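Worksheet for the structure shown next.
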Amino acid sequence: MSVYLNDHVPCGIYCKRCPGMKVYNCKGCREQKGQIKDFPTCKTYECVTTKGYNFCFECDDFPCEKLQPIVNFEIFMPHNSKIYNLLMIKKLSLVKWNEICEEQSDLYYKGHKVRYGGDNLTLEKKDPNLYKHKKEEETKG
């Protein structure tokens, strides 16, 4: 498990997809002890490590206000995927989540949800007849 810890931040961000890795030459929150560039030390990182946990979901207070998207950051990927990632690590284990998180993050970054059908997320192109069939059924009914 420890081999994968540096790829997954205590708050759930998957480091390899974080723009900070390139923009700020970040080595990851764990290696940099929650201090990225000249920004203040991350309060979430401090909270998790002070309590002796690896991830937020291990805490009795999970989920807490520290994971709430902040107006300036909720539009920035991967900040709005933290809770999902944490729940998947908790559900599957870090080792199993690490095996599929690259594929899952592709869906997050590149995928779309097909409207009017509740289809699963997909990277496939949308069926061009999807809306036509729906409209035809509406006119028949």
Side-chain angles (χ1 to χ4, degrees), residues 1-139 141:
M1 177 172 108
S2 62
V3 128
Y4 304 117
L5 275 178
N6 284 339
D7 291 340
H8 303 273
V9 181
C11 70
I13 290 175
Y14 178 48
C15 292
K16 291 180 179 181
R17 290 291 185 151
C18 181
M21 297 291 275
K22 291 178 185 173
V23 174
Y24 301 118
N25 196 26
C26 176
K27 305 281 188 259
C29 286
R30 293 185 196 275
E31 186 172 321
Q32 295 185 203
K33 301 194 184 319
Q35 178 78 45
I36 308 304
K37 199 179 174 208
D38 55 354
F39 295 105
T41 301
C42 175
K43 298 296 181 196
T44 306
Y45 176 86
E46 283 181 339
C47 178
V48 172
T49 57
T50 300
K51 292 178 179 180
Y53 298 132
N54 286 317
F55 294 101
C56 291
F57 70 79
E58 297 170 276
C59 180
D60 290 336
D61 293 329
F62 174 77
C64 75
E65 291 296 313
K66 287 180 179 63
L67 293 172
Q68 181 178 3
I70 300 169
V71 172
N72 294 7
F73 290 134
E74 93 282 354
I75 60 168
F76 296 112
M77 295 180 255
H79 279 274
N80 53 10
S81 66
K82 294 185 289 191
I83 299 288
Y84 175 76
N85 293 346
L86 287 168
L87 291 172
M88 294 305 285
I89 293 167
K90 182 178 180 179
K91 177 181 177 180
L92 300 175
S93 81
L94 180 59
V95 174
K96 288 183 181 173
W97 172 244
N98 197 71
E99 290 173 5
I100 65 168
C101 69
E102 196 68 40
E103 177 186 337
Q104 292 298 308
S105 64
D106 273 348
L107 288 173
Y108 174 71
Y109 284 91
K110 300 173 187 173
H112 64 276
K113 185 161 179 65
V114 178
R115 293 177 62 187
Y116 301 121
D119 295 6
N120 293 329
L121 288 169
T122 179
L123 295 177
E124 296 172 11
K125 292 190 177 193
K126 188 172 17 175
D127 176 3
N129 296 315
L130 183 66
Y131 298 108
K132 185 188 295 182
H133 294 295
K134 180 163 178 54
K135 287 180 181 178
E136 288 173 7
E137 286 179 20
E138 287 174 355
T139 56

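Note that this is a predicted model, so its numbers are computed, not measured. Sequential numbering from 1 along the given sequence is applied to the chain's residues.
When every heavy atom of Thr44 is checked against every heavy atom of Cys11, the shortest pair comes out as CG2-CB, 3.8 Å. Here the closest non-hydrogen pair linking Gly28 and Cys15 is CA-SG, 4.3 Å. Phe62 and Cys56 make their closest contact through CB-O, 3.4 Å (heavy atoms, listed as atom of the first residue, atom of the second, distance). When all heavy atoms are compared, the tightest approach of Phe55 to Val48 is N-CG1, 3.9 Å. Heavy-atom minimum distance, Pro10 versus Tyr45: CG-CD1, 3.9 Å.
Shown here are the salt bridge (charged side-chain N to carboxylate O under 4.0 Å, His left out) partners of Glu102, two or more places apart in sequence or in another chain: Arg17. Judged as a salt bridge (charged side-chain N to carboxylate O under 4.0 Å, His left out), and not counting sequence neighbours, Asp60 has no contacts.
Proximity of Gln104 to Trp97: side-chain heavy atoms (C-beta onward) are separated by under 4.5 Å at one or more points. Looking at Asn85 and Ile13, their side chains never come closer than 4.5 Å, going by heavy atoms from C-beta outward. When side chains are defined from C-beta on, Lys90 does not count as touching Leu92, because their heavy atoms never get closer than 4.5 Å.
Counting only residues at least two apart or in different chains, side-chain hydrogen bond (donor to acceptor under 3.5 Å, both in side chains) contacts with residues 29-43 comprise Gln35-Thr41.
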Inset, instruction - Dump the intermediate steps for side chain to side chain contact (heavy atoms under 4.5 Å, CB included) on Leu87 and Phe57, then the final yes or no. - result: CA-CA 7 Å; Leu87 291 172; Phe57 70 79; 5.8 Å; no

Between Val95 and Tyr4, is the side chain to side chain contact (heavy atoms under 4.5 Å, CB included) condition met? List the steps. CA-CA 7 Å; Val95 174; Tyr4 304 117; 3.8 Å; yes

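Side-chain polar atoms of His8 and Asn98 form a donor-acceptor pair below 3.5 angstrom.
In this structure, CD1 in Ile89 is found 10.0 Å from CG in Asn54, a value given to the nearest 0.5 Å. Cys59 contributes atom SG, which lies 9.5 Å from atom CG of Leu67 (distance to the nearest 0.5 angstrom).
Residues Phe39 and Tyr24 place their aromatic rings such that the two centres sit under 6.0 Å apart.
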